[in-house]
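Step one of this worksheet: look at the structure below.
First listed ligand is number 1; within each ligand, the first listed atom is number 1.
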Amino acid sequence: MSAGKEVEVLDFLGIPLWEHRGDGRVPETSGRSQDRAETPLDPGVPPPVTELGWEDLARRVAGCELCGLCRTRQQTVFGAGSRPADWMFIGEAPGADEDREGQPFVGRAGQLLTSMIEAMGLERPKVYIANVLKCRPPKNRDPEPGEIASCRPFLERQVELVAPRILVALGRIAAQSLLGTEQPISRLRGTVHTLGGKIPVIVTYHPAYLLRNPVAKREVWRDLCLALDQAGS
Ligand code: URA
């Protein structure tokens, strides 16, 4: 392991070194080649989400009123990062900071996620980050099954467009909804799952959980090493 990488890993495991580098914003790379104009044959019938390119998908999410969260959100949080990307990290739902800024993982949990990504030798702007829900649940309550179901096509389309080599599910909600299971996270960690029989999925704890339970960082590091092994294979 190079000295630089070692510092990042120690940084992640050692807790006090987390200093926020940069302004936390994730530049969007252009995915224009994948954009398609939202011009349905029948103007009364919008095209299905499965046919949307990046720009139209983002517009569809921004105007979404499929569940009650549209009444309490400040704005939708679409996702951020490189498009396409080899690595895709999927969280649960925006919190207060994300709801305010319109970007995923910009609060304290987001800073820890950045540490995790850097400890892996990756760069945050070069991965793609999205959430199961695009709107903040009030008071950060758990997402409801109906909300997850309404948002699911958006995430599925993001995964298709990003075409990652590997997915990392952050926390129980992301893992269970991606994998379509109710198994506890303790059972889901430590093995390589697949999405659609193709994309490997690694499950780990949510960074917000790590903020409350820093000792779990060692387990997370094991999960991330499994992901690195899998991506390298
Ligand atoms: N937690 C999440 O799951 N996603 C965010 O974007 C922020 C916090």
Side-chain angles (χ1 to χ4, degrees), residues 12 18 20 22-28 57-58 61-62 64 67 69-70 72-83 85 87-118 120 122 124-145 147-152 154-159 162 164 167-179 184-185 188-189 195 201-214 216-217 219-220 223-224 227:
F12 168 59
W18 305 328
H20 196 204
D23 64 4
R25 288 192 176 273
V26 181
E28 301 262 301
L57 183 62
V61 167
C64 179
C67 78
L69 295 181
C70 65
T72 50
R73 72 183 179 217
Q74 285 194 43
Q75 58 189 315
T76 56
V77 177
F78 180 67
S82 176
R83 323 185 295 204
W87 289 80
M88 185 161 176
F89 292 79
I90 299 181
E92 178 178 323
D97 295 312
E98 292 76 21
D99 184 50
R100 190 173 49 248
E101 295 198 26
Q103 294 289 323
F105 281 101
V106 290
R108 284 182 68 223
Q111 290 173 25
L112 184 48
L113 176 60
T114 304
S115 284
M116 288 163 58
I117 290 168
E118 289 175 353
M120 296 170 79
L122 306 172
R124 180 166 164 152
K126 293 190 179 163
V127 307
Y128 194 80
I129 300 173
N131 283 307
V132 169
L133 292 193
K134 310 306 184 206
C135 298
R136 180 190 182 207
K139 299 186 185 151
N140 297 342
R141 64 158 168 75
D142 281 355
E144 289 171 1
E147 294 161 354
I148 293 174
S150 299
C151 245
R152 188 173 182 87
F154 299 139
L155 181 61
E156 283 176 351
R157 187 63 182 146
Q158 283 176 303
V159 172
V162 171
L167 283 159
V168 180
L170 302 165
R172 176 181 66 86
I173 300 280
Q176 290 180 338
S177 39
L178 266 180
L179 300 172
I185 189 163
L188 297 172
R189 289 183 50 247
L195 188 70
V201 180
I202 302 293
V203 174
T204 194
Y205 291 123
H206 193 285
Y209 172 79
L210 284 187
L211 289 173
R212 298 189 300 272
N213 301 280
K217 285 183 171 191
E219 291 171 82
V220 167
D223 299 334
L224 299 180

task = Using the six-membered ring wherever Trp is involved, compare the ring planes of Tyr205 and Tyr209 and label them parallel, tilted or perpendicular (cut-offs 30° and 60°).
result = tilted
ask   = So how far is it from Leu133 CG to Leu69 CG, rounded to the nearest 0.5 Å?
value = 6.5 Å
inquiry  = Side chain or backbone, does Phe105 bring an N or O within less than 3.5 Å of an N or O on ligand 1?
reply    = yes
inquiry  = Please classify the Ala93 to ligand 1 contact at 4.0 Å (heavy-atom distances, strictly less than): side chain, backbone, both or neither.
reply    = backbone
query = If you count the atoms of ligand 1 from 1 in the order shown, which ones are under 4.0 Å from a heavy atom of Pro104?
reply = 6 (O)
remark   = Taking only non-hydrogen atoms of Gly91 and a 4.0 Å limit, the atoms of ligand 1 in range are 3 (O)
request  = Go through the steps for Leu112 and Arg108 under the test side-chain contact (heavy atoms from CB on, under 4.5 Å), then give the verdict.
outcome  = CA-CA 6 Å; Leu112 184 48; Arg108 284 182 68 223; over 6 Å; no
query = Who gets closest to atom 1 (N) of ligand 1 by heavy atom: Glu98, His206, Glu92?
reply = His206
query = Would you say Leu210 and Met116 make side-chain contact, with heavy atoms under 4.5 Å?
reply = yes
query = Heavy-atom distance under 4.5 Å between the side chains of Asp223 and Val168, does that happen here?
reply = no
inquiry  = In this structure, does ligand 1 have an atom that sits under 4.0 Å from one of the heavy atoms of Gly110?
reply    = no
inquiry  = As a quick check of understanding, evaluate side-chain contact (heavy atoms from CB on, under 4.5 Å) for Thr72 and Lys139, giving each step before the final call.
reply    = CA-CA 10 Å; Thr72 50; Lys139 299 186 185 151; over 6 Å; no
Protein contact to atom 4 (N) of ligand 1 [nearest heavy atom, distance to 0.1 Å] = Asn131 OD1, 2.8 Å
